[in-house]
Structure formats: structure tokens, C-alpha cells
Amino acid sequence: TEIYTLSLHDALPILTTWKEQSPEKKKNVSEELLAGKCKAYGPGLEGGEALIETEFTIEAINAKGNRCPCGGHPFNVKIKSPKGDVDHQMTDNEDGTYRVTYTPQDEGVHNIAVTLTDKHLPGSAFKVFIKPPAVDASKCTAYGPGLEGAEIGQDAPFTVEMRNKNNEPVPNRSEERRVGKECRSR
């Protein structure tokens, strides 16, 4: 076995040549990829929280087990929440890796399918549990007449706007909540 060492200066013409290759030539190289060898990993495949962006990485691996030093591979990602499709963005890093970001809107199990030419990568379709959005008390606000004064036996309504750590509104799970005990005079 011979080992060759290339400096970045020596490798640059090779990488530049790859970018200039025809789509047919790139397709032939992509066909050398095996879905069963490629990888998908990262926090976005391990769990998350509704309304908080998360991400994962796809890595293009060829039949010899090496990462491909190029981009343009036909990976496909589909994310489904309990309520339907979830939008995502996939960025080709042009080094054999792809960054996928998404912001789950719903809690519950999300199914994430990662395929290469209609063949699933190992672990796909991933089952990812998304927790309900967490409220960050430091980002919440309260207002209304009930905070300005109240009378015994009278309702004192006020509003609390719940927000998460990104200062985004957290949906309330009930229309109205009653707080406190009724006061009675003796």
C-alpha cells in the first residue's frame, strides 16, 4: 500500500476540476455512493422542543467507506409531524456534508425520512420526540385591570403572554384560566 500526501495547494486543482465537471460525470460519481454507508446524525434526530430550530447533518459516504469530498448528491429529506409536513432547509456544504435545519411547530413524534435515490440511510425513518414549547418566565409579560386593583368578590381579569427562550409566543392550551381562590368576608 502506498500513501500519498497532498498539500491544500496541490489538492485545490483537483477540487476545482470537480466543480467544473459535467452533471453526467458528477452523476456517475454519485452513483458510487451507497445509501447504506451514508450517515445522518445530530441533535435534530435525537429530540427537540416545539418552536425551537434544530439541525442534523447528512454525510455522503462512498462504497469504499470514505466521505466524498464534493457536493451535489441527490439526498432527499421528508419531515412529518403529527399534524402534517414540516418545512426544512438543506444546505450543501460542497464537502460531502449537508446541513438540514427545521423548526418543529407541534409536539409529539416526528418522522424524518432521509433517502439517497429513494433508498433510506441507516436509521431512517427516524422517530424524533418533540417536547411541547417551554415557557421562559423571564420573557413573559402580564397586563390588565386585575393587576392594577381588585375588589373582594369581583373578577379581576388580566392577561399573561407566555413566551419561549427565543421570545416567541407559546400557544396557550386553554382559552381561559382562573388563578387564586375566591375571597369571602366573614
Side-chain angles (χ1 to χ4, degrees), residues 1 3-6 8 10-134 164-171 173:
T1 303
I3 297 175
Y4 297 94
T5 303
L6 288 175
L8 182 58
D10 293 333
L12 194 55
I14 296 168
L15 295 174
T16 303
T17 302
W18 168 256
K19 286 185 177 185
E20 295 169 354
Q21 291 296 323
S22 69
E24 296 81 24
K25 176 83 173 175
K26 285 183 177 181
K27 183 175 184 265
N28 291 339
V29 171
S30 290
E31 288 173 355
E32 293 176 11
L33 292 182
L34 296 177
K37 297 241 183 209
C38 295
K39 301 174 187 176
Y41 54 88
L45 297 176
E46 298 165 4
E49 181 181 320
L51 306 178
I52 302 294
E53 183 179 271
T54 189
E55 67 178 70
F56 62 92
T57 300
I58 301 171
E59 195 170 345
I61 306 293
N62 67 19
K64 294 180 181 179
N66 300 316
R67 184 168 80 191
C68 296
C70 56
H73 304 101
F75 287 106
N76 189 22
V77 173
K78 290 183 182 173
I79 304 174
K80 284 200 170 270
S81 78
K83 294 184 180 176
D85 292 339
V86 176
D87 292 333
H88 66 279
Q89 294 75 42
M90 181 163 52
T91 304
D92 183 345
N93 297 321
E94 297 186 15
D95 64 355
T97 65
Y98 299 78
R99 179 177 185 248
V100 179
T101 60
Y102 68 100
T103 303
Q105 299 299 305
D106 308 306
E107 61 186 274
V109 176
H110 287 51
N111 291 304
I112 302 177
V114 183
T115 58
L116 174 67
T117 58
D118 297 325
K119 293 183 179 91
H120 284 273
L121 273 60
S124 178
F126 299 89
K127 304 247 183 264
V128 179
F129 182 72
I130 302 298
K131 300 182 294 189
N164 68 10
K165 67 182 179 182
N166 291 341
N167 206 29
E168 295 169 359
V170 172
R173 294 198 186 122

**Student:** Could you grab the distance from atom CD1 of Ile58 to atom CG of Leu121, nearest 0.5 Å is fine?
**Tutor:**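 Separation between the atoms: 7.0 Å.
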**Student:** Is the closest side-chain heavy-atom distance between Glu94 and Pro69 below 4.5 Å?
**Tutor:**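 A side-chain contact under 4.5 Å is absent here.
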**Student:** To the nearest 0.5 Å, tell me how far Glu46 CD sits from Thr54 OG1.
**Tutor:**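 OG1 of Thr54 is found 8.5 Å from CD of Glu46.
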**Student:** Quick one: does His120's side chain get under 4.5 Å of Val114's, heavy atoms only?
**Tutor:** no
**Student:** Enter the distance from Ser124:OG to Lys119:NZ here, rounded to the nearest 0.5 Å.
**Tutor:** 13.5 Å
**Student:** Could you check whether any side-chain heavy atom of Thr97 comes within less than 4.5 Å of a side-chain heavy atom of Arg67, counting everything from C-beta outward?
**Tutor:**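 Result yes, sub-4.5 Å side-chain heavy-atom pair found.
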**Student:** Short question: side chain of Tyr41, backbone of Glu59 - any donor-acceptor pair under 3.5 Å?
**Tutor:** no
**Student:** Verify, without hydrogens or angle tests, whether Gln105 (side chain) and Thr103 (backbone) share a donor-acceptor contact under 3.5 angstrom.
**Tutor:**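 Present.
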**Student:** Side chain of Asn76, backbone of Thr115: donor and acceptor closer than 3.5 Å?
**Tutor:**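 Not at all, since once roles are kept as given, no pair shorter than 3.5 Å links the two residues.
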**Student:** Tell me the closest heavy-atom pair linking Val86 and Ser81, and the distance in Å.
**Tutor:** CG2-CB, 3.7 Å
**Student:** Minimum heavy-atom separation for Ile52 and Pro104, please, with both atom names.
**Tutor:**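 Answer, listing the atom of Ile52 first, then Pro104: O-CD, 3.5 Å.
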**Student:** Which pair of heavy atoms, one from Pro82 and one from Val109, lies closest together, and at what distance?
**Tutor:**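 In terms of heavy atoms, the two residues are closest at CD-O, 3.4 Å.
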**Student:** Can you tell me how far apart CD (Gln89) and OH (Tyr102) are? Round to the nearest 0.5 Å.
**Tutor:** 12.0 Å
**Student:** Do you know the tightest heavy-atom contact between Phe75 and Met90?
**Tutor:** O-CE, 3.5 Å
**Student:** For Lys64, does its backbone N or O pair with a side-chain atom of Asn62 as donor and acceptor, under 3.5 Å?
**Tutor:** yes
**Student:** Which atom names give the shortest non-hydrogen contact between His110 and Ile130, and what distance separates them?
**Tutor:** ND1-CG1, 3.3 Å
**Student:** Please tell me if the side chains of Lys127 and Asn111 come closer than 4.5 Å, counting only heavy atoms from C-beta onward.
**Tutor:**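 Of all side-chain heavy-atom pairs linking Asn111 with Lys127, at least one is under 4.5 Å.
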**Student:** Going by distance alone, is a donor N or O of one side chain under 3.5 Å from an acceptor N or O of the other, for His73 and Tyr98?
**Tutor:**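 The criterion, which ignores hydrogens and geometry beyond distance, is satisfied for Tyr98 and His73.
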**Student:** Heavy atoms only: give me the nearest Cys38-Pro122 pair and the separation to one decimal.
**Tutor:**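 The pair with the smallest heavy-atom distance is O-CD, 3.2 Å.
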**Student:** Distance from Glu49 atom CD to Asn166 atom CG, nearest 0.5 Å?
**Tutor:**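 Here the interatomic distance stands at 8.5 Å.
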**Student:** Would you say Leu45 and Ile112 make side-chain contact, with heavy atoms under 4.5 Å?
**Tutor:**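 Heavy-atom side-chain distance check passes, below 4.5 Å.
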**Student:** Within the side chain of Asn93, is there an N or O that forms a donor-acceptor pair under 3.5 Å with the backbone of Asp95?
**Tutor:** no
**Student:** For atom CG of Asp87, decide whether the heavy atoms of other residues, nucleotides or ligands shown that lie under 6.0 angstrom number more than 12.
**Tutor:**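 Not buried by this count: 12 neighbours or fewer within 6.0 Å.
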